[in-house]
Number of protein chains: 2
Amino acid sequence: MERLDVPVNETWDLTLIYKNKDEFFEDEKRAQSLLSSLRERKDCFTKSKEDFHTFYEDYVTLSRLLSEMYEYAHLNTDVEPGNQDYQLLLSHILTLFDQFENNLDFMNVEIIKNKEAIEKYLEDNSFDLYRYQIKQILREEKHMLSQEMETLLSKMSPIANTGEQIFDALRLEYEDVIVDGERKTLNSATLNEFLKNPSQEVRKQAYEQFYKEYKRYENVFALTLADCMKKDAFYADVRHFNDPLDYSLWDDDVPRELFYKILDKANKDYRPLFHRYNKLKKELLKLDTLYNYDLFTPLVKPSVKRYSIDECFNIILDVTSVFGEEYTDIIKKARDERWIDYHPTKGKATGAYSAGCYDTKPYILTNFIGDYDSLSTLIHELGHSCHTYLSCKYQDPANSDYRIFVAEVASTVNETLLINHMISHAKSDEEKAYFLYEFLENCVGLIFRQPMYAQFEDTLHQWAKDHIPMNASKITSLYDKINKEYYGEDVTNNQYVGHSCFYIPHFYYNYYVYKYTLGMTVALAIVSRILNHDSQQVEQYLSFLKSGGSMSPIDLLKKAGVDPLDDKIYDDAFHYFEHLLNMFEEIMKRGEKDVKE
Amino acid sequence: MERLDVPVNETWDLTLIYKNKDEFFEDEKRAQSLLSSLRERKDCFTKSKEDFHTFYEDYVTLSRLLSEMYEYAHLNTDVEPGNQDYQLLLSHILTLFDQFENNLDFMNVEIIKNKEAIEKYLEDNSFDLYRYQIKQILREEKHMLSQEMETLLSKMSPIANTGEQIFDALRLEYEDVIVDGERKTLNSATLNEFLKNPSQEVRKQAYEQFYKEYKRYENVFALTLADCMKKDAFYADVRHFNDPLDYSLWDDDVPRELFYKILDKANKDYRPLFHRYNKLKKELLKLDTLYNYDLFTPLVKPSVKRYSIDECFNIILDVTSVFGEEYTDIIKKARDERWIDYHPTKGKATGAYSAGCYDTKPYILTNFIGDYDSLSTLIHELGHSCHTYLSCKYQDPANSDYRIFVAEVASTVNETLLINHMISHAKSDEEKAYFLYEFLENCVGLIFRQPMYAQFEDTLHQWAKDHIPMNASKITSLYDKINKEYYGEDVTNNQYVGHSCFYIPHFYYNYYVYKYTLGMTVALAIVSRILNHDSQQVEQYLSFLKSGGSMSPIDLLKKAGVDPLDDKIYDDAFHYFEHLLNMFEEIMKRGEKDVKE
């Protein structure tokens, strides 16, 4: 679809940020003058409480300006990539970000150098708004090196990410898949479709033709992945962390027990649930052997139901009504004030996201096509946007920005509430089974498969730390073994399972995947409590959303009534999963029985 | 051929090093005890002149032991890779090298730290043998960093060469080439054969099908190459060099004017000679347009003449008789004492080399098949071996090892004398044309194409130093442009010329290729003077060979009567090339006229 053909009220209104690009350039001038002024105060900004306060205030103001300019430029380019005006704005703001980084690189160093004075200043009420953020800077002390060493490290940065860059640049080509005598293109986009094909032969063909290319280039992928692990181990070492895990957890201020608790829950305490689900798949698909490439074969008929945007909003408002009027009013605003760009149009960015900052609306980009997935995506992104909105409403600029570690909770809670709503409103067993299946698939990905990824990358990181050489054979054998362990004896490994690790970009993100698991687990626990009419849960959850980024992620989650170090939330989450699995199994077996009778 | 089928006197005799592996293990014990003893003296070895002298003497003894053990293990495995005994010896000596490096990493640091005392010791006669080597260590002072920074750099080394490692690991596959309706395999080994095919269509097909794969993966290659350039720039920067060129020249103690002189001679002063040769190719091949893929099409019929080993030695002894009996006696020894392993056998290393150290014979591995190339390779490697032999005979162990920078002179002088001999002994115009053509092709590769490579990598290094972003399009455009400039207007660039840079491994060797050019230029100058009966030249050249590694490469070359900073050697070299080009053109045009008449 061309952009001009879309009804205006189904596009987002970015003039709420700037009426035109002149306003952007005015802000650019303000930002540049603020930046110079900050830079000039390099040697004296910590001299007195007042100097430091003004400096930090200006620093926050500048950060806000930059965020606003960035949102305007990147949101516009994401829907009109061919518009050179917006491309220009984007290159301006990216350059400004670079200048911001380079010109203010003294700030953290000076704050840490004058730690005693700064800590004294922080006792004053005037620093209430900034205390948390500045304390985060002071925390860095023991991991900051001498100026000389820091300079060496920063000079090294252009060659530190070669492995990951090459992984991103290496685009493979795959042999066509033959379906009913017809040649079909195989690529990352179509692989998943082939894996849903009812013919096991087609699934096998697609899977093997896809991953054999990863085997062909296994030495390259082993090098890129090992390089990334060694890089993480290098930084952990030189910055005085015990190991790469501690290094990665530092920024989120998360204890390492949490990481291993997540792995243990998936692979020790609750692995029978995953194995049971896989066994059920094998039974329902009536396969003698269930291979990895059979895991995505639908167990139920896909839904053909379509939803209009208005229908979506009606359902979403119904689902989220549990959070009260303040929450549903935000959702109404999102529709009325045109925060959302709905339709796929030519050149528009793919996928979906929520993006915004303190001085803009929390905008949403989607590629809405009216199926259940579109509805689910919409409520997911609205979860983020409501979180941002409440954050900015109840927190000051310096405390409104929350971390990825907690972000997924807000979206997943919504998604889970939605599917629960769909299940309980389903008009037939078939419809109910469809939603249950969708839910179970989504769930096992997050609470079982992601921990498997996390365990794999944890071992690679340990090898890197201990200087144990990693080649393709060592890496793929490990991945094959871990798959066997997690999926259980009802899933048989194909020869290429070990090589499928080379396809996954997340291993380059330094312990990222466990955050997804935590988000889902917390969301499941929260939803199960809400559904069980836990009287406090809604209030606690809303208070979590309103707290933004004003404290550490763990403290924020505790505010939501969920302590991720406590076994209880895992029990709640996995029992809720089990409950839905029971329902699903019952319906499916009843269906089978009906057919037999 | 199986190894057992080769006549014993046509294999090398490695029992001259060790009678059996027990002797190897005895030396290993000696080496280990020496290493411990050196290590124990860590804190006191510079205390007195005597302590230092004994320490350094032991250090040299240990280095000799390691070299001898290494030669025994690697020469044996190169001809018998399946023999696990030799593989074991190789792994032993490689581990020992690691221990040597790790355990003695204090040596240079301590020597530099105690510079004043050491310089005083060096005044004493007892240090005559070690003075040059130790001064080389002291030179490092201004480029050595604090212990803390050196440790950081050494921790970084496992992730510093990712680009090059991935370049080495990325093996491409190519579409078949159709020749006379038949599919033929295209790969790096067969490409050169296709480029010699009389059909321009076949040549084009092979060239394009080969290099289009480099275009397909251009983003990966651009990243690996840029990474390597940025790595060189990083080390140059942190080790306080002006730029990557200075950093690379430092080790060979060569002034930067020399590098640019070599480029200027090829691309300014003498470029008309190269352009003239290309124009002649176009004429002789009768092509309207001469493309890059036509440059290797033979201008003359290949020689079918075959030489036995004995015939080769007769010719070689004749050719090198100009150097007198001492030199030819070494060549006779090489044959009689079985320094050479001649024949290709199953599993044997490909190519050819000369390898040896102070305590072994200067062994030669070749894959002799009796054609002119085999003869030429033999005299080339004998050039190296005679150089090593004379070096070890006239120099003490600490001064016998010479650098790559001068090594190629000794081999190329022999090769050039051989071809001159073949030209003057040719029995027909056709035979003479064949040798002239072989010579001209070899020559343009070294004195024109390598400087082109050098200019290309110099620009990339400058970009890296100046933080100028490099992507595939920027790199390939540069290479396309430089090709046009060097080859001149009679060669038309194919669309893939720019991408052909991605195939060349030498760009990963940090300013390596200009050393080939210098070797050839010096060799041409020396040979042309010898042929012009320059009375001093032979003596000077022999004295150069006998000087081994006892002084800087530039001083060594001056000993050979060739000052690489003086225009004269370039004039001599290029005029000699011109003389042979004149001869070739005359014969070829006479031939054409004959045909017409």
Handout entry: Verdict with reasoning, A:I159 to B:M156, per side-chain contact (heavy atoms from CB on, under 4.5 Å)
Key = CA-CA 11 Å; A:I159 53 167; B:M156 200 198 119; 3.7 Å; yes

Problem - When A:V238, A:V220, A:L152 are compared by non-hydrogen pairs under 4.5 Å with chain B, the top option - result: A:L152

Compile the donor-acceptor pairs, distance criterion under 3.5 Å only, formed between chain A and chain B.
{"unit_1": "A:K155", "atom_1": "NZ", "unit_2": "B:D237", "atom_2": "OD1", "d": "3.2"}
{"unit_1": "A:K155", "atom_1": "NZ", "unit_2": "B:D237", "atom_2": "OD2", "d": "3.1"}
{"unit_1": "A:T162", "atom_1": "OG1", "unit_2": "B:D227", "atom_2": "OD1", "d": "2.5"}
{"unit_1": "A:E173", "atom_1": "OE1", "unit_2": "B:R216", "atom_2": "NH1", "d": "2.3"}
{"unit_1": "A:E173", "atom_1": "OE2", "unit_2": "B:R216", "atom_2": "NH1", "d": "2.6"}
{"unit_1": "A:R216", "atom_1": "NH1", "unit_2": "B:E173", "atom_2": "OE1", "d": "2.3"}
{"unit_1": "A:R216", "atom_1": "NH1", "unit_2": "B:E173", "atom_2": "OE2", "d": "2.6"}
{"unit_1": "A:Y217", "atom_1": "OH", "unit_2": "B:Y217", "atom_2": "OH", "d": "3.1"}
{"unit_1": "A:D227", "atom_1": "OD1", "unit_2": "B:T162", "atom_2": "OG1", "d": "2.5"}
{"unit_1": "A:D237", "atom_1": "OD1", "unit_2": "B:K155", "atom_2": "NZ", "d": "3.2"}
{"unit_1": "A:D237", "atom_1": "OD2", "unit_2": "B:K155", "atom_2": "NZ", "d": "3.2"}

Handout entry: A:L223 to B:A169 - nearest heavy-atom pair and separation
Key = CD1-CB, 3.6 Å

